[in-house]
Amino acid sequence: MNLYLAKEWLNHFHLKTDEHSLHSPFFYHFYRAFLKNNPSGAVFFEIERERSRLLKSETEIVLNDFGAGSKKMASNRRKIKDIAKYSLSSPHFSQLLKHLIQHFQFGQIIELGTCLGINTAYMADANQQAHICTFEGDANLISIAKDINKENKNVEFINGNIDNTLAQHLTQFQ
């Protein structure tokens, strides 16, 4: 499933719909529980404080990008605030991800592309018994994500080219 398309559909659905226009009990519950649920709690504010810190950071790093690259930034030398600005999910999307994990009680979670670790923190908070395995190609980004997730003992960070590391990791489950 293409997460970008799903996100765009949810944005459209969220902006054009309210609970009174839904007829399906499943979608009514989904809308009320996940899309209209206001974020709260100390962990939410902690994670969002980290997001704010990243959005202000002038620290410059050199990225080893194995993916498609960035449409916004051509150079591999980037400021953390620029990476955060263009690469992080919105707080609302991160909260939606957290609520879905809480609702379905996923036990094994694989994240492809850790980036700065904000969504990783949301997922780790959603279910502390879940094992989260997150893949990132760049060691500098892994270092930042590990710092943000230092309290989360249920997260395993895997650094390297995903073409190799994902296949190696998935062989454990055969």
Side-chain angles (χ1 to χ4, degrees), residues 1-10 26 29-30 33-35 37 39 41-44 46-51 53-54 57 59 61-71 73 76 78 80 82-174:
M1 177 180 196
N2 186 330
L3 287 178
Y4 177 77
L5 290 176
K7 181 181 171 189
E8 289 301 309
W9 180 83
L10 286 171
F26 172 79
H29 172 71
F30 182 84
F34 301 115
L35 298 180
N37 196 346
V43 174
F44 170 78
E46 248 177 66
I47 297 170
E48 289 307 311
R49 191 173 325 119
E50 287 295 325
R51 182 192 304 269
R53 184 181 62 78
L54 293 169
S57 177
T59 304
I61 61 174
V62 177
L63 290 181
N64 186 10
D65 196 349
F66 292 105
S70 173
K71 293 179 183 177
M73 299 170 280
N76 65 340
R78 299 178 188 160
I80 291 175
D82 294 331
I83 296 169
K85 179 179 178 181
Y86 296 117
S87 300
L88 294 180
S89 301
S90 70
H92 191 76
F93 184 80
S94 298
Q95 275 292 118
L96 173 63
L97 186 61
K98 176 183 174 179
H99 289 306
L100 289 171
I101 291 168
Q102 285 175 328
H103 179 75
F104 292 108
Q105 286 296 301
F106 295 120
Q108 293 285 334
I109 300 168
I110 294 177
E111 179 183 33
L112 305 178
T114 310
C115 193
L116 298 168
I118 295 294
N119 276 346
T120 310
Y122 274 102
M123 290 187 288
D125 179 56
N127 183 359
Q128 278 115 23
Q129 278 67 51
H131 177 253
I132 300 164
C133 189
T134 182
F135 294 81
E136 177 57 53
D138 185 75
N140 292 318
L141 291 177
I142 285 277
S143 176
I144 295 166
K146 281 182 176 179
D147 184 53
I148 288 173
N149 287 279
K150 61 183 167 269
E151 302 297 320
N152 298 324
K153 305 300 181 208
N154 58 334
V155 179
E156 176 185 359
F157 293 93
I158 298 179
N159 179 234
N161 187 335
I162 199 166
D163 292 343
N164 305 320
T165 56
L166 181 61
Q168 289 171 352
H169 178 75
L170 292 177
T171 59
Q172 298 175 27
F173 300 105
Q174 292 181 346

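We number each residue from 1, following the sequence as shown.
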Distance, nearest 0.5 Å, that separates CD of Gln128 from CD of Glu151: 11.5 Å
Going by salt bridge (Lys or Arg N to Asp or Glu O under 4.0 Å), name the pairs with one or both residues in residues 105-124, residues two or more places apart or in two chains. none
Just verifying a value: how many Å separate His92 NE2 and Gln95 CD, rounded to the nearest 0.5 Å? 9.0 Å
Looking at Arg49 and Glu46, does any basic side-chain N land under 4.0 Å from a carboxylate oxygen? no
Are side-chain heavy atoms of His99 and Tyr122 found at a separation under 4.5 Å? no
All pairs passing salt bridge (Lys or Arg N to Asp or Glu O under 4.0 Å) where residues 139-150 contributes a residue, at least two apart: Asp147-Lys150
Looking only at heavy atoms, what is the nearest atom pair of Thr165 and Ile162, with distance? OG1-CA, 3.3 Å
Look only at the side chain of Asn154 and the backbone of Asn127, and say whether a donor-acceptor pair between them is shorter than 3.5 Å. yes
So, the side chain of Asn140 versus the backbone of Val62: is there a donor-acceptor pair under 3.5 Å, distance only? yes
4.5 Å side-chain heavy-atom contact, Cys115 and Ile83: yes
Would you indicate whether the side-chain heavy atoms of Ile144 and Ile148 approach each other to under 4.5 Å? yes
For the residue pair Gln102 and Gln105, what are the closest heavy atoms and their distance? O-NE2, 2.8 Å
Atom CG in Leu170, atom SG in Cys133: separation rounded to 0.5 Å? 8.5 Å
Asp138 side chain vs Leu141 backbone, donor-acceptor pair below 3.5 Å: yes
Within-4.5 Å side-chain heavy-atom neighbours: Thr134 and Asn149: no
Let me confirm one number: the CD1-CZ distance from Ile142 to Phe157, rounded to the nearest 0.5 Å. 6.5 Å
Plane angle bin for His169 and Phe135 - parallel if under 30°, tilted between 30 and 60°, otherwise perpendicular: perpendicular
Between CG on residue Asp82 and CD1 on residue Ile61, distance to nearest 0.5 Å: 10.5 Å
For a quick test of reading the model, state the closest non-hydrogen atom pair linking Ala126 to Ile101 and the distance between them. CB-CG2, 3.6 Å
Looking only at non-hydrogen atoms, find the nearest pair between Ala139 and Asn159 and report the distance. N-ND2, 3.4 Å
The single option from Thr120, Leu97, Ile132 passing side chain to side chain contact (heavy atoms under 4.5 Å, CB included) against Ile109: Ile132
Shortest non-hydrogen pair, Ser89 vs Arg51, comes out as O-NH1, 2.5 Å
If I take atom OG1 from residue Thr114 and atom CG from residue Asn119, how far apart are they, to the nearest 0.5 angstrom? 10.0 Å
